[in-house]
Number of protein chains: 2
Amino acid sequence: MAVTAQNAEVVIDPRGESTRTRILDSAEYLFSEHGVNGASLRTVVAHAGVNTAAVHYHFGSKKGLLEAVFARRTITIAEERLNLLEECREGEGRPPLLQQIISAFLEPGMRDATFARLRARMAADASDETRALMARYFDHSSGQFLLALAEALPHLPPRDLHWRFHFMLGTMVYTMANPRRIQALTNNACDPSDMEASLDYLVPFLAQGFEAAPIPNAPTNIEPMLKIDRSKPHEEG
Amino acid sequence: MAVTAQNAEVVIDPRGESTRTRILDSAEYLFSEHGVNGASLRTVVAHAGVNTAAVHYHFGSKKGLLEAVFARRTITIAEERLNLLEECREGEGRPPLLQQIISAFLEPGMRDATFARLRARMAADASDETRALMARYFDHSSGQFLLALAEALPHLPPRDLHWRFHFMLGTMVYTMANPRRIQALTNNACDPSDMEASLDYLVPFLAQGFEAAPIPNAPTNIEPMLKIDRSKPHEEG
DNA sequence: TTTCAGCTTAAACAAACGCTTGATTGAGTC
DNA sequence: GACTCAATCAAGCGTTTGTTTAAGCTGAAA
């Protein structure tokens, strides 16, 4: 617990640390609200109440700041995903239920609506750099969940499984990105910023989709293999 | 008919029209590749081989250029959607099949991969302006498809229907936006730029999801109504 | 008290941004 | 042949971008 503002300015280094986290908080908010290109460093430092050079002192560059924003939330998301997946396995029946796996994958990433929106923006920005950044932090847990899903759906060919995993990412990202659009479309009846309610509708929808029959005709060539089981969750850069 | 340049440069005004469409083509490509903020007017005019002032002469501003890019493709997409929906109704059984409706909704928007990517980018950019632009061009056809879906799924409460329609938009947009990510995840086995193959996997997945049982507990209040049936597909601005 | 690294500051840098200007071109009209 | 006018051009407008500089401040160690 910490006290703030007028009195004590929290625990550790009251100067450096508060500036750092204030920059991170402001950047996370403004990047998610206006996009990384759309939010300038000057608006970030104005929002954080710090100097322009502080960004470059602490993070080196705007790109470094983005990676720091991303890393701060992503590492815990990936950890919580794997923890929840572990709980699924320990639960009642040995092969975990499909809905449990899906929920374990989605829930940690949807708790924080602000960061979720930033992720959605970055997912839409298909540049090589951004894709590499996201892959670096998410590929491991994605691979683990592909394994778990394959276990829960043993009859499903890997090709179909991969497509449907991709579709699941899409619904998740879009729901995170666009709370307002569905609200407008439904006269404010559906509120995706209520993440719990979103999951109530999203998880059964996805589970049902995953359980659809495989697509019969293989148009071109043979099925691919799963590409997974790299031991390190991510590596610093 | 007019003749120009070396031989014949096609039909109408050989000066104005080719410049206009060259700007539109370059802007569509560069906006979709680097984002609207990420692609400057200077790179657009350099790619198009025209002068900077030509953009402002023909489109007024960068925002006007974006809207022109958007309008050119969107109007035909909305038309083709409604045509395909009409064909669904005329087909065999009177109540059109769920998969037919979904396919009619998705297919026209996924033919052009470049513009599809731009749409995905704009969908992730949740600014009021962008959302208003997309709503202006798409709300009518979306409303019609919500009606058709409600007809095909008479047992499904509107609330569930709206959520699932939202999820459908998500998978569509994400699949359009991120061809490379699923390719990397599956060792190039899944290629979303092959739109026909994408649809083969996407439509049954979504149809199955739509047919899931309704979510039982209504957490807060009463179901909303459908908000549709505005006669004009869009109005110029 | 002096020293010194850690951190913050105001000010400025070159480059890139969207947009405007005034002159120039060339086909159509009288 | 003079005139009109949409269309294009080179050049530059003022502003904002990410980044750097050099000086100043602060709190703890010596």
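The chains referred to below are lettered A, B, ... by the order of the sequence lines, with proteins before strands, and numbering in each begins at 1. Only a predicted model underlies this, so the values are computations on that prediction, with no experimental measurement involved. Both backbone and side-chain heavy atoms feed into the values below; hydrogens, waters and symmetry mates do not.
For A/T74 (side chain) and A/F70 (main-chain N/O), a donor-acceptor pair under 3.5 Å exists by modelled atom type. Using a distance-only test at 3.5 Å, with no hydrogens or angles considered, a donor-acceptor pair links the side chain of B/T21 to the main chain of B/S18. A donor-acceptor pair is defined here as one N or O able to donate and one able to accept, closer than 3.5 Å; no such pair exists between the side chain of B/K62 and the backbone of B/V55.
A ring-centre distance under 6.0 Å is not found for A/F205 and A/F210.
Distance, B/F59 CZ to D/dT8 P: 10 Å, rounded to whole Å. The distance between atom NE2 of B/H34 and atom P of C/dC17, rounded to the nearest whole Å, is 12 Å. In this structure, B/L30 atom CG and C/dG18 atom P are separated by 12 Å, rounded to whole Å.
Ring planes of A/H166 and A/W163: perpendicular class, angle over 60° (limits at 30 and 60°).
Using modelled atom types and a 3.5 Å distance limit, the side chains of B/R164 and A/Y201 yield no donor-acceptor pair.
Phosphate contact (OP1/OP2 of D/dA6, side-chain N/O of B/H58, threshold under 4.0 Å): absent.
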Once base and sugar-phosphate atoms are separated, protein heavy atoms under 4.0 Å mark nucleotides 16-22 of chain D, 5' to 3', with B, S and - as -BBBBB-
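Inter-residue side-chain proximity for B/E107 and B/R111 is flagged as met; some heavy-atom pair is nearer than 4.5 Å.
When all heavy atoms are compared, the tightest approach of A/T130 to A/S127 is OG1-OG, 3.0 Å.
Counting only Watson-Crick and G-U wobble pairs whose two distances sit under 3.5 Å, DNA chain C takes part in these stems of three or more pairs: C:1-30 with D:1-30.
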